[in-house]
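A short worksheet on the structure shown next.
Only this structure's heavy atoms are used, side chains among them; waters, hydrogens and symmetry mates stay out. Note that the coordinates shown come from a computational prediction; the quantities given were computed from them, not determined experimentally.
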Amino acid sequence: MTKLDFIQDKAMQLAGQLGDGIRNVPDHAQKWFKAGVAVGAARTGGKLLTSTTRRHPVMTATAAATLMAAAAGLAVFSYRRRKAQQRTINGQSKRVEARRAAHDLAAEHETSEQTGQNQTGQDRSNQ
């Protein structure tokens, strides 16, 4: 085994240990890492946008106008859709009368009190 092979083996071993360590990182550390990556991407995107705007102002203005028009169209579409969902549906309906009128229930209650039974027909003296 030459010295070069030994260095390569050691490098592979260290890389494996590093990979295992990254996989076993606690959950909160992974969230912070993802947040850092997102912030870095946003900063890089901002710098790229600024440099592109300086080099090509007409193209940037055209893209911004197109984006605004698309957003306005989406807003109008969602407004109309919401309005359409709020409309009432015109249809036919008919009134359904109750099976028992209130005065019939009162009369039945009076007669059951006179006979000593409750509405289910059971004798009250057992209760």
Listing, residues 33-52 side-chain donor-acceptor contacts under 3.5 Å, not counting sequence neighbours, or none:
from: T44; atom 1: OG1; to: G40; atom 2: O; distance (Å): 2.9
from: T50; atom 1: OG1; to: G46; atom 2: O; distance (Å): 2.8
from: S51; atom 1: OG; to: K47; atom 2: O; distance (Å): 3.4
from: S51; atom 1: OG; to: L48; atom 2: O; distance (Å): 2.9
from: T52; atom 1: OG1; to: L48; atom 2: O; distance (Å): 2.8

May I have the list of side-chain donor-acceptor pairs in residues 57-78 shorter than 3.5 Å, sequence neighbours left out?
from: T60; atom 1: OG1; to: H56; atom 2: O; distance (Å): 2.9
from: T62; atom 1: OG1; to: V58; atom 2: O; distance (Å): 2.9
from: T66; atom 1: OG1; to: T62; atom 2: O; distance (Å): 2.8
from: S78; atom 1: OG; to: L74; atom 2: O; distance (Å): 3.3
from: S78; atom 1: OG; to: A75; atom 2: O; distance (Å): 3.0

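Taking K83 as the reference, nothing meets the salt bridge (Lys or Arg N to Asp or Glu O under 4.0 Å) condition, with sequence neighbours excluded.
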